[in-house]
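Quick notes on the structure that follows.
Quantities reported herein were computed from a predicted structural model and do not represent experimental measurements. Quick note on labels: first sequence line is chain A, next is B, and so on, each numbered from 1.
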2 protein chains.
Amino acid sequence: MADTKIYQASTTAPVNIAVVKYWGKRDPKLNLPTNSSISVTLSQDDLRTHTTASCSSTFASDTLLLNSQSQDTSGARTQACFRELRALRAALEASNSSLPKLSSLPLRIVSENNFPTAAGLASSAAGFAALVRAIANLYELPATPTALSRIARQGSGSACRSLFGGYVAWEMGSKDDGSDSLAVEVAPASHWPTMRALILVVSAEKKGVSSTSGMQITVATSQLFQRRAEIVVPAAMVAMKKAIKEKDFESFGKVTMMESNSFHATCLDTFPPIFYLNDVSKAAIRLVEDINNAAGKIIAAYTFDAGPNAVIYYEEENTAAVAGVIKGALGGLEGWASREIEPKESTSLDARAVGVLRDGVSRVILTQVGEGPVRTQESLIGADGEPVKK
Amino acid sequence: MADTKIYQASTTAPVNIAVVKYWGKRDPKLNLPTNSSISVTLSQDDLRTHTTASCSSTFASDTLLLNSQSQDTSGARTQACFRELRALRAALEASNSSLPKLSSLPLRIVSENNFPTAAGLASSAAGFAALVRAIANLYELPATPTALSRIARQGSGSACRSLFGGYVAWEMGSKDDGSDSLAVEVAPASHWPTMRALILVVSAEKKGVSSTSGMQITVATSQLFQRRAEIVVPAAMVAMKKAIKEKDFESFGKVTMMESNSFHATCLDTFPPIFYLNDVSKAAIRLVEDINNAAGKIIAAYTFDAGPNAVIYYEEENTAAVAGVIKGALGGLEGWASREIEPKESTSLDARAVGVLRDGVSRVILTQVGEGPVRTQESLIGADGEPVKK
């Protein structure tokens with residue numbers, strides 16, 4: 001008699017925003033990067049993917065539902081994650097015959113983000129981290145976050161960093177098979193819990209170049225890129241780890257801003273050039289410069305991924321001088337209600353930049369450094385194996 | 001009895017737009033660059049400075065009038081030009097006692113541009129080239145354009161290239177005294193006379209960082225800059241000279257665009273970052289990309305100096321496919337009347353980019369490769385030594 005049980009496990013996983021940027025693959029198939037990177041994991045209270053992984057002989061095939069939309073699972077990236085996780089489970093089953101043979105059952109994955117997809121926040125990192133973590137939970141794999149990071153990396157490079165909370169490095173490794181291209185903890189969130197992030201969500205006119213294809217063109221055509229990968233980033237890695245260990249915000253902020261600029265510079269040096277920063281992004285940079293100039297030191301640091309949204313890091317003690325001042329300038333936007341921030345008037349801000357931001361920012365997200373994936377009993381799949389209707 | 005004669009001579013000098021960019025000084029006082037550069041001299045029919053240099057014992061002091069506005073001549077740059085030219089004249093006078101002692105007389109310089117200053121076109125190149133050439137004419141110096149380029153360079157770096165017509169290299173040199181940092185002809189205008197330029201004058205919201213201070217900050221802070229100066233530009237110099245010699249527009253265009261991008265990438269990599277390109281500039285890049293994609297090859301090439309204006313190079317035979325198509329999209333702008341260009345409909349242009357350009361471009365300038373400084377009898381100073389009233 002066949003086993004018709006519905007096996008399932010659930011997790012949540014966080015978004016991470018890099019402060020030393022990943023840009024460039026030395027192996028596109030394995031998502032092996034041309035340089036190491038470091039990120040801050042953001043709180044799942046504000047931004048997270050919730051994923052339930054289930055398997056059953058009653059399922060017809062592997063499926064993936066994201067925000068109630070059926071997703072293609074036949075892509076090489078998702079397939080690589082399924083294959084690697086099944087291989088680990090198969091090894092467990094081979095060593096212990098009492099274990100149910102889950103590795104051979106079709107998978108049903110159901111996933112939901114608690115943030116608007118339209119916000120243009122890179123959700124693939126949280127998505128693949130949650131997928132890998134949920135299946136690892138389902139399969140009861142004894143794998144560490146670092147071991148799982150090797151698998152999540154193959155789904156989406158930066159996903160490997162979302163398997164940890166706090167401050168996370170993705171060490172590029174040197175092996176051809178990618179076995180040493182892994183995420184490791186630089187410091188837990190508890191080491192430096194006062195790190196805050198304010199995201200200015202910018203309404204982009206249109207979708208920019210995808211990061212996957214953008215990276216490839218940069219590696220192939222930018223004449224400055226090699227310098228970044230070989231000299232600039234290794235130095236930034238050292239400086240950033242030191243800044244995090246010492247909780248030195250000025251160094252953290254300076255490296256964060258220079259790293260973002262360096263990454264976007266190599267995008268501009270790509271041929272044809274890639275532009276992720278627009279005039280609204282530039283106004284956000286000006287805003288941060290004005291805030292820092294008023295403070296007489298770096299108390300806020302901008303960073304931009306492959307899109308126009310600004311992520312502004314600051315420490316809790318500077319909430320008034322950073323988030324308060326920005327709320328004073330851009331108080332009318334959606335998103336401020338999630339935290340108590342006292343709006344503060346400032347005469348230090350460039351009026352033109354504030355005007356551009358008022359027109360071009362669609363909402364703000366207030367968040368902070370947070371924990372890694374958390375196992376949850378809250379399931380997105382019912383006992384009948386069907387996605388839970390909302 | 002003192003000589004009270006009014007001595008005078010006049011010249012015109014052209015604007016040049018670099019295709020291999022000058023950015024970075026290794027000696028700010030002497031304007032010695034960190035890399036060589038190449039430019040195309042533009043026709044003086046469209047863009048020129050007209051300068052009359054005069055000297056007389058009746059003048060009280062050195063003065064400079066530009067577009068009827070009195071200019072400060074006490075700056076180190078203007079003083080360097082005056083001093084160097086006077087030294088050459090003094091040497092002539094020492095070797096031939098029959099020559100009038102012009103080197104000791106106060107100078108009166110009157111200068112006029114035939115293009116709107118408000119256009120934001122770097123006029124200092126034409127301005128200093130004209131100033132140096134006019135005084136050299138006044139002093140009857142036997143100096144070659146290359147010899148004068150050493151002096152004009154001290155007024156404004158890129159001015160050294162405006163002493164020649166056609167295609168001009170500024171070889172950076174290696175000596176500390178700058179004696180080998182000179183402009184030389186790559187090819188005369190007659191070698192490749194079909195080169196056209198269409199300038200989209202973009203209304204900038206505000207003045208950007210001046211190129212002098214911008215360069216200094218880039219050299220001090222950009223971690224990618226050294227690579228550009230040492231590796232990228234030397235390779236571009238070789239490729240560009242070859243493209244010009246072979247009249248190979250595809251190579252010329254590709255190097256021109258990549259060079260512009262590389263220069264602006266190092267600006268973005270500066271800390272704090274320098275942005276000269278705005279969303280209108282980016283729309284101009286998109287326009288050129290669309291034109292080239294429609295042609296299936298590079299027939300148009302954008303380049304941007306330290307500001308948002310786009311200069312688009314193309315060959316005469318592609319006037320319809322480049323200038324015609326751009327006029328078809330942006331026909332309502334001032335400046336089209338200077339040449340007969342048939343507007344041409346195109347379905348290949350990105351509608352959003354065209355909209356951004358319609359809103360953000362204030363005028364066009366149609367021009368082409370042209371000659372170097374030309375001596376003229378038309379004087380801006382009357383026989384009485386006073387500026388000619390317009």
Side-chain angles (χ1 to χ4, degrees), chain A residues 204-206 208 218 221-236 253-283 285-286 288-290 292-293 298 302 304 308 350-353 355-356 360, chain B residues 204-206 208 218 221-236 253-283 285-286 288-290 292-293 298 302 304 308 350-353 355-356 360:
Chain A
E205 305 92 2
K206 51 159 199 159
T218 299
T221 65
S222 167
Q223 298 179 293
L224 300 174
F225 176 75
Q226 195 188 348
R227 174 94 184 177
R228 166 168 167 76
E230 290 177 4
I231 306 288
V232 178
V233 174
K254 187 169 182 190
V255 176
T256 294
M257 293 187 279
M258 292 185 76
E259 255 301 300
S260 177
N261 296 337
S262 169
F263 149 48
H264 291 283
T266 62
C267 290
L268 171 47
D269 189 52
T270 299
F271 191 75
I274 301 169
F275 296 99
Y276 291 120
L277 305 181
N278 63 19
D279 284 353
V280 185
S281 314
K282 284 155 56 182
I285 289 174
R286 175 62 192 266
V288 169
E289 288 172 349
D290 288 346
N292 287 336
N293 287 338
I298 294 173
Y302 55 78
F304 299 83
D350 182 69
R352 200 191 58 82
V356 170
Chain B
E205 304 93 2
K206 50 158 198 161
T218 298
T221 65
S222 167
Q223 298 180 293
L224 300 174
F225 175 75
Q226 195 188 348
R227 173 95 184 175
R228 167 168 165 74
E230 290 176 3
I231 307 287
V232 178
V233 173
K254 187 170 182 191
V255 176
T256 294
M257 293 187 279
M258 291 185 77
E259 255 301 300
S260 177
N261 296 337
S262 170
F263 149 48
H264 291 282
T266 63
C267 290
L268 171 46
D269 190 52
T270 300
F271 192 76
I274 301 168
F275 295 98
Y276 291 120
L277 305 181
N278 64 19
D279 284 353
V280 184
S281 313
K282 284 155 58 180
I285 288 176
R286 175 63 191 264
V288 169
E289 288 174 349
D290 289 346
N292 288 336
N293 286 337
I298 293 173
Y302 55 77
F304 299 83
D350 180 71
R352 199 191 59 82
V356 170

Which atoms of [X] come close to chain A, meaning under 4.5 Å heavy atom to heavy atom: side chain ones, backbone ones, both, or neither?
| X | answer |
| --- | --- |
| B/Glu289 | side chain |
| B/Leu224 | both |
| B/Ser260 | neither |
| B/Leu277 | both |

Worksheet item: Of the listed residues (A/Arg228, A/Met258, A/Lys254), which shares the most heavy-atom pairs with chain B below a 4.5 Å separation?
Response: A/Met258

Worksheet item: With chain B, which of A/Ile285, A/Asp269, A/Thr270 has the greatest number of heavy-atom pairs at distances under 4.5 Å?
Response: A/Asp269

Discussion item. Can you give me the closest heavy-atom contact between A/Leu268 and B/Asn261, atom names plus distance?
Written reply: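 Residues A/Leu268 and B/Asn261, closest heavy atoms: O-CB, 3.2 Å.
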
Item to complete: State, to 0.1 Å, how close A/Gln226 and B/Arg227 come at their nearest heavy-atom pair, and which atoms those are.
Response: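 Between these two residues, the closest heavy atoms are OE1-NH2, 3.0 Å.
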
Item to complete: Side chain from CB out, backbone as N, CA, C, O: work out which of these in A/Ser222 comes under 4.5 Å of a heavy atom of chain B, or both, or neither.
Response: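 It is neither, since no heavy atom gets under 4.5 Å.
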
Discussion item. Just verifying a value: how many Å separate A/Phe275 CZ and B/His264 NE2, rounded to the nearest 0.5 Å?
Written reply: 9.0 Å

